[in-house]
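To start, the structure itself, in structure tokens.
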There are 2 protein chains.
Amino acid sequence: MAATSELSASLEDYLEAIYHLVKEKQAARVKDIAERLHVKAASVTGALRALSERELVNYTPYEIVTFTRSGEAAALDVVRRHSALKDFFVKILLVDEASADSAACAMEHSVTRPLLERFVHFTQFVEDCPRAGTKWVRGFSYYCDHDSKQDNCEKCMRTNLDEVIQKKANKGAQAMTEQQLGSLKPGQKAKIVRVALADAASRRLVEMGMTVGTMVEVIKVAPLGDPVEIKLRGYHLSVRKKEAEGIYVEQAML
Amino acid sequence: MAATSELSASLEDYLEAIYHLVKEKQAARVKDIAERLHVKAASVTGALRALSERELVNYTPYEIVTFTRSGEAAALDVVRRHSALKDFFVKILLVDEASADSAACAMEHSVTRPLLERFVHFTQFVEDCPRAGTKWVRGFSYYCDHDSKQDNCEKCMRTNLDEVIQKKANKGAQAMTEQQLGSLKPGQKAKIVRVALADAASRRLVEMGMTVGTMVEVIKVAPLGDPVEIKLRGYHLSVRKKEAEGIYVEQAML
DNA sequence: TTGACAAGTTAGGCGCGGCTAATTAACTTT
DNA sequence: AAAGTTAATTAGCCGCGCCTAACTTGTCAA
Ligand SMILES: [Mn+2]
Ligand SMILES: [Mn+2]
Ligand SMILES: [Mn+2]
Ligand SMILES: [Mn+2]
């Protein structure tokens, strides 16, 4: 019954597809999975049987498909790998969205956990470190076209450094009071200081790394504030309004 | 006859293994290929048939295996992808050699050409740009352990910048005369200014990107100067002494 | 109520890439 | 030269993941 064997790349893609379909529409229909993965319906049925044998989805013929506990966790894991790699490709390597997406989906299956962590950390490093910052990486574009114009690089470096010092000087003025995650606007970063949620609701979030001390960035807020899309530890995550209200943060200075 | 279909990850690994065995020992024996890939001998025979059908190796039962023209090119391509990814993992993500190696071998099959180019360029960018340089990336290590100690980052940035300016001031003093590739010592970088080789000998090198204007770095030189291991365009390459004598370079300043 | 039709499943087939076991070829020894 | 040893090949099997074709099931409109 258990079955903890490694998932094949193919099955991981099925999990991923189901995850996204459940999120977009309410349920994951066989036909939609098939379309998404460019595969015939019969193949989907086979995959569902395989996932069901591994107890990752609850599946009986003709009935609706749902994730099991471990199934949802496994799906989240794939989605995270995909999104972390894509982020790296887009933000650091400056690859266009579409290419980054397909590349991420191809490589997500062979990247190990420690290596992924490195990718995530590196992306964060470049974003956070004053010498770097995503702005700096744009110099990479220039570098790609011309051959290593060092003068230009150097000038850019100085400008960047000055900006950082400027910002730092102003930081004392900023408020550092606790506020709800939902009150942040897109682009703002903050650190989690308290999580007050029902057990059931918080499980998923904790699994995604929503713990005290973690830095989060709000990516976008849907029309009525539900859901809020945030990024933490390099991964994207959708948080329902209710949940966002139970998460208290403190804004970073920089 | 033709058969230009995409190579499977498995067949690419066989090509890679054969390539390295031919380079290390003179020939690639079935048993050695099997050992290297953790596979049984019977599987190797099957793979050799498949490669032979695609005209990538010359193979008749019980006889020695050699690459065809296109086979060697295909093998080189895999080896390049492997080495470029590994380089990125080691130099930028600061992963240990062994992990980098296995990760590279896992991902080399799913990375597209344009994305690989990005990896290569980015690694070069970090190495060449004065604001960065491999030395800088070591700050990443520190960043991984502590959470974004920005003060430290900033200090490091200043130091680095000063060093660059220092070096730059001295550059006028350096000689810029043409010399043979073989005369460089490990660690030195130079730009190719002239290639004087027999057609047959130069084909392989040109395929690897050994063209006028390209930057090369000498990695190591074997006891008697043969072969010379160099890196160009982010890839590693072994050059025979004879060949190295026909390649003229000019040292870079920085 | 009852077709008609779309969605889903089952059955069976195929290519790939491993494997084992049995066979054959190529070398070594005696 | 014959026997023994190691390397390589063949034959045949299996699991995976896709496919097509034929079938069930569910739904909705006449
Ligand atoms: Mn994928
Ligand atoms: Mn994916
Ligand atoms: Mn490989
Ligand atoms: Mn490899």
Side-chain angles (χ1 to χ4, degrees), chain A residues 2-18 21-22 24-66 74-75 78 105-106 108-110, chain B residues 2-18 21-22 24-66 74-75 78 105-106 108-110:
Chain A
T4 319
S5 63
E6 281 298 289
L7 277 177
S8 66
S10 164
L11 290 186
E12 285 193 343
D13 279 339
Y14 280 102
L15 281 182
E16 207 185 3
I18 295 169
L21 286 170
V22 167
E24 284 165 25
K25 320 176 168 193
Q26 302 315 328
R29 281 156 60 229
V30 169
K31 194 192 159 206
D32 295 330
I33 300 174
E35 257 165 35
R36 205 181 170 98
L37 297 180
H38 306 112
V39 144
K40 302 297 174 187
S43 307
V44 175
T45 303
L48 287 177
R49 244 206 308 272
L51 290 174
S52 157
E53 260 163 36
R54 281 160 222 248
E55 299 182 336
L56 296 172
V57 298
N58 302 117
Y59 168 73
T60 31
Y62 295 105
E63 274 176 24
I64 204 168
V65 179
T66 59
V78 183
C105 212
E108 71 198 359
H109 312 290
S110 50
Chain B
T4 319
S5 62
E6 280 298 289
L7 276 178
S8 66
S10 164
L11 289 186
E12 285 193 343
D13 278 340
Y14 280 104
L15 281 182
E16 208 184 4
I18 295 169
L21 287 169
V22 167
E24 284 166 25
K25 319 172 168 197
Q26 303 315 329
R29 281 158 58 228
V30 169
K31 195 192 157 206
D32 294 330
I33 299 174
E35 256 165 35
R36 202 179 173 102
L37 296 180
H38 306 111
V39 144
K40 302 297 173 185
S43 307
V44 176
T45 302
L48 287 177
R49 244 206 308 272
L51 290 174
S52 157
E53 259 161 36
R54 281 159 222 248
E55 298 183 338
L56 296 172
V57 298
N58 303 114
Y59 167 72
T60 31
Y62 295 106
E63 273 176 25
I64 204 169
V65 179
T66 58
V78 183
C105 212
E108 70 198 359
H109 311 290
S110 50

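Proteins come first, then strands; the chains are lettered A, B, ... in the order of their sequence lines, and each starts at number 1.
- Looking at heavy atoms from C-beta onward, S8(B) lies out of side-chain contact with Y14(B) at the 4.5 angstrom threshold.
- Going from atom CD1 of I64(A) over to atom P of dA7(C) covers 15 Å, rounded to whole Å.
- Atom CG of L37(A) is separated from atom P of dC18(D) by 8 Å (rounded to the nearest Å).
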Which donor-acceptor pairs under 3.5 Å do side chains of residues 27-39 of chain A form with protein atoms, sequence neighbours excluded?
from	atom 1	to	atom 2	distance (Å)
R29(A)	NH1	D32(A)	OD2	3.2

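- Between E108(A) and D13(A), the closest side-chain pair of non-hydrogen atoms falls below 4.5 Å.
- Side-chain contact check for E16(A) versus C105(A): some heavy-atom pair is nearer than 4.5 Å.
- Across the protein-nucleic acid pair, K31(A) atom NZ and dG26(D) atom P stand 19 Å apart, rounded to whole Å.
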Per-nt protein contacts along nucleotides 9-20 of chain C (heavy atom under 4.0 Å; B base, S backbone sugar-phosphate only, - none) come out as BB------SSBB
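- When rounded to the nearest whole Å, the span between CG of D32(A) and C1' of dA7(C) equals 11 Å.
- Side-chain contact check for V57(A) versus T66(A): every heavy-atom pair is 4.5 Å or farther apart.
- Counting heavy atoms from C-beta outward, H109(B) and L7(B) have side chains that stay 4.5 Å or more apart.
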